[in-house]
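These notes are about the structure you will find just below.
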Amino acid sequence: MFNGFSISLEFIYGLVVAAFTVGFGFLLHELAHKFVAQKYGCWAEFRAFDTMLVLAVAFAFLGFIFAAPGAVMIKGQVTRKESGVISVVGSWANLAIASIFLIINLFLPMNAWVLGASINASLALFNMLPLWILDGKKVWDWNKAVWGATVIAAFGFRLIFGL
């Protein structure tokens with residue numbers, strides 16, 4: 001207890017699991033962008049945005065996942081399709097991670113796996129918002145069917161985990 005405020009072990013455990021799954025999901029999401037961009041002959045490099053990292057942590061404490069502490073910067077000529085593929089693979093990486101957590105949870109049930117799957121489905125869904133500079137805008141502009149399938153898959157995971 002600290003000045004009348006107590007933090008339970010369950011809260012600390014949840015915070016550590018959330019931090020790990022968000023960090024892991026974010027890392028693989030950005031690496032997917034980088035590797036596919038490089039496959040298309042582009043220069044691709046991760047750039048951190050420290051201000052956005054602080055905002056991401058602040059939003060997480062408010063119960064809203066807004067993880068944009070950086071992004072892969074890409075330079076090079078790509079077609080609309082290549083841009084769409086580069087953009088959608090990040091969310092697919094998050095959905096793959098959510099799937100892995102779901103499979104693990106079938107054999108070793110634990111709230112941590114459910115939380116990890118839910119967080120990664122949320123990251124996939126957030127990134128598919130067809131707005132501004134988000135991945136979803138580029139995917140929407142390229143192929144609405146791919147965009148829709150990705151959004152439906154992310155919503156499906158959210159429904160499975162009751163969020």
Side-chain angles (χ1 to χ4, degrees), residues 1-37 39 44 46 48-50 52-72 84-131 134-140 143-163:
M1 185 175 295
F2 181 71
N3 287 341
F5 180 75
S6 67
I7 298 175
S8 69
L9 286 177
E10 184 179 352
F11 173 80
I12 292 170
Y13 173 75
L15 186 63
V16 168
V17 169
F20 172 76
T21 57
V22 168
F24 186 65
F26 179 80
L27 176 66
L28 290 183
H29 178 105
E30 295 302 328
L31 284 173
H33 290 315
K34 177 182 173 71
F35 293 145
V36 173
K39 175 186 176 272
F46 180 80
F49 307 139
D50 295 339
M52 295 304 286
L53 177 59
V54 171
L55 285 175
V57 171
F59 276 118
F61 277 107
L62 298 174
F64 179 72
I65 297 175
F66 177 73
V72 171
V85 172
I86 291 167
S87 297
V88 79
V89 295
S91 286
W92 290 351
N94 292 121
L95 293 174
I97 295 166
S99 298
I100 291 166
F101 283 141
L102 174 62
I103 291 166
I104 293 171
N105 193 59
L106 291 173
F107 298 100
L108 184 63
M110 226 164 121
N111 287 340
W113 308 127
V114 175
L115 182 60
S118 176
I119 286 170
N120 276 279
S122 296
L123 289 171
L125 190 57
F126 174 79
N127 276 279
M128 282 297 102
L129 291 174
L131 305 171
L134 294 178
D135 298 334
K137 174 76 169 112
K138 296 171 205 144
V139 178
W140 175 266
N143 189 317
K144 290 171 183 54
V146 170
W147 178 87
T150 305
V151 169
I152 288 169
F155 263 123
F157 276 105
R158 300 280 298 155
L159 290 173
I160 288 170
F161 297 109
L163 299 171

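- Between Ile119 and Phe101, every side-chain heavy-atom pair lies at or beyond the 4.5 Å cut-off.
- For the pair Gly25 and Ile97, the tightest heavy-atom approach, listed with the atom from each and the gap, is CA-CD1, 3.8 Å.
- Under the 6.0 Å distance and 45° angle rule, Lys138 does not count as a cation-pi partner of Trp140.
- The residue from Leu95, Val139, Leu125, Asn143 that alone fulfils the side-chain contact (heavy atoms from CB on, under 4.5 Å) condition with Thr150 is Leu95.
- Counting all heavy atoms, side chain and backbone alike, Asn120 lies closest to Thr21 at ND2-O, 3.7 Å.
- Remark: Leu9 CG is loosely packed, at most 12 non-hydrogen atoms of other residues, nucleotides or ligands lying under 6.0 Å away.
- More than 12 heavy atoms of other residues, nucleotides or ligands shown are found within 6.0 angstrom of NZ on Lys144.
- Side-chain contact between Ile103 and Phe107: present, with at least one pair of heavy atoms (C-beta onward) separated by less than 4.5 Å.
- Contact between Phe157 and Ser99 at its shortest, heavy atoms only, is CZ-OG, 3.3 Å.
- In this structure a side-chain-to-backbone donor-acceptor pair under 3.5 Å is present from Asn105 to Met110.
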Side chain to side chain contact (heavy atoms under 4.5 Å, CB included) assessment of Leu27 paired with Phe46: CA-CA 10 Å; Leu27 176 66; Phe46 180 80; over 6 Å; no
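- For the side chain to side chain donor-acceptor pair (under 3.5 Å) test, residues two or more places apart in sequence or in another chain that qualify with Lys137 are Asp141.
- Of all heavy-atom pairs spanning Ala37 and Ile86, the tightest one is CA-CD1, 3.7 Å.
- Residues Leu134 and Phe126 meet the side-chain proximity criterion, which asks for heavy atoms closer than 4.5 Å.
- Met128 and Ser87 get closest at one heavy-atom pair: CE-O, 4.3 Å.
- For the atom pair CG of Leu115 and OG of Ser122, the computed distance is 9.5 Å after rounding to the nearest 0.5 Å.
- Proximity of His29 to Leu123: side-chain heavy atoms (C-beta onward) are nowhere separated by under 4.5 Å.
- Minimum interatomic distance between Lys34 and Ala44 (heavy atoms only, all atoms of both residues): NZ-O, 2.8 Å.
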